[in-house]
There are 2 protein chains.
Amino acid sequence: MNFCMIEEKTKLFKSLSDSNRLRILKMLQVKPLCVCEITDVLQLATSTVSRHLSILRETGFIIEEKDGKWVNYMINSHPVDPRISSIISTLDFWIADQKIINEDKSKVIKVDRHFVCSK
Amino acid sequence: MNFCMIEEKTKLFKSLSDSNRLRILKMLQVKPLCVCEITDVLQLATSTVSRHLSILRETGFIIEEKDGKWVNYMINSHPVDPRISSIISTLDFWIADQKIINEDKSKVIKVDRHFVCSK
DNA sequence: AATTCATTTCGTTAACTAACGAAATATATA
DNA sequence: TATATATTTCGTTAGTTAACGAAATGAATT
């Protein structure tokens, strides 16, 4: 596999080409979250959220940390790709805090995995 | 149409999600080009190139200037969206000069619309 | 050991995107 | 005015992506 291919360079932008993934990144700015917490805010199927998270993880935007039966996802503080570093460190510039984002963030602050999961 | 919608924010990244569009941007760094010159380098159908150009134009990355029967496309020096300004002013950071890009640029330097068009 | 819960993977479907050629449009030239 | 050239728009097709639910996996609790 040739990682210098131009197709490889589009992956970063492809990851940011979905509004639900942008919302996830902004939510993770507030605090690390597990899949079911994100699912609760976005109101999508768990499998869909899991897929979005794996795309963001593969590109290097986020990392995962297993915690018992939960998997916590968080912003990657030390990405290999300097372009990712740049975007993460100025995320508010790239993804403005519009209405839906602020609503998501409010929900994130209140969300508790012990209540939202297993419903 | 609500331009504050989150979907609207993904458009910038969507335009950069195609390798042919990345190549076009890098080619336009060298000099303004008409559709048939770009077509000659990318080896795609004219209609396909035209479509890529209109996507880049709609997002604000490039502008067009009519010149007789030709339409010259060039990098937009004064984009409205500061994110576009940022990407354009540091384009080499976002899209590295890998092999294919350098080959494209060499072709761009040599290309002459009076020879490549009408074939 | 069996059950429960969180997550991932898989298979399917609907929507979107990029490609092409053909037809339409626009401009210059004969 | 007719023709040639450059480009755009349209219609179609193939490939990709995002959504879902069901099934599989993995870890904690009973």
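Letters A, B, ... are given to chains in the order of the sequence lines, protein chains preceding strands, and every chain is numbered from 1.
Closest approach of B:Thr59 and B:Ile84 over heavy atoms only: O-CD1, 3.5 Å. Here the closest heavy-atom approach between residue B:Pro79 and residue B:Ile88 is recorded as CG-CD1, 3.9 Å. Here the shortest heavy-atom pairing between B:Ile38 and B:Met27 reads CA-CE, 3.9 Å.
Contact annotation: the side chain of A:Arg23 approaches that of A:Asn20 to within less than 4.5 Å [non-hydrogen atoms, C-beta and beyond]. A heavy-atom distance below 4.5 Å is not found between the side chains of B:Leu33 and B:Tyr73.
Proximity of residues 57-64 of chain A to DNA chain D (heavy atom under 4.0 angstrom from any strand atom) is not detected for any residue. Within residues 102-109 of chain B, no residue has a heavy atom under 4.0 Å from DNA chain C. Near DNA chain D, defined here as any heavy-atom distance below 4.0 Å, there are no residues from residues 26-39 of chain A.
For B:Lys66, the salt bridge (Lys or Arg N to Asp or Glu O under 4.0 Å) partners at least two apart in sequence or on another chain are B:Glu64. Remark: A:Asp92 engages A:Lys26 in a salt bridge (Lys or Arg N to Asp or Glu O under 4.0 Å) (not counting sequence neighbours). With sequence neighbours excluded, no residue forms a salt bridge (Lys or Arg N to Asp or Glu O under 4.0 Å) with A:Arg21. A search for salt bridge (Lys or Arg N to Asp or Glu O under 4.0 Å) contacts involving A:Glu103 returns A:Lys99, not counting sequence neighbours. With sequence neighbours excluded, the residues that form a side chain to side chain contact (heavy atoms under 4.5 Å, CB included) with B:Thr10 are A:Ser19, A:Leu22, B:Glu7, B:Lys14.
Linking ILVMFWY residues whenever their side-chain heavy atoms come closer than 4.5 Å, directly or via other members, leaves B:Ile55 and B:Ile75 in distinct clusters. Two different hydrophobic clusters hold A:Ile63 and A:Leu91 under the rule that ILVMFWY side chains link at heavy-atom gaps under 4.5 Å. Using a 4.5 Å cut-off between side-chain heavy atoms of Ile, Leu, Val, Met, Phe, Trp and Tyr, with links allowed through other members, B:Val80 and B:Ile62 fall into different hydrophobic clusters. With hydrophobic clusters built from ILVMFWY side chains whose heavy atoms lie under 4.5 angstrom apart, B:Ile24 does not share a cluster with B:Trp70.
The end-to-end axis angle of the helix from C:dA1-D:dT30 to C:dA30-D:dT1, rounded to 10 degrees and based on five pairs per end, is 10°.
Residue pairs meeting the disulfide (SG to SG under 2.5 Å) criterion with at least one member in residues 30-81 of chain B, sequence neighbours excluded: B:Cys36-B:Cys117.
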Contact letters for nucleotides 23-30 of chain C, in which S counts primed atoms plus P, OP1 and OP2 and B counts the base, heavy atoms under 4.0 Å: ----SS--
Per-nucleotide protein contact string for nucleotides 11-22 of chain D, where B marks a base within reach and S marks sugar-phosphate only (heavy atoms under 4.0 Å, - for neither): ------SSSBBB
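A 6.0 Å sphere centred on CZ of B:Arg57 holds more than 12 heavy atoms belonging to other residues, nucleotides or ligands.
Cation-pi contact between A:Arg83 and B:Trp94: absent, since separation from the ring centre below 6.0 Å together with deviation from the ring axis within 45° is not met.
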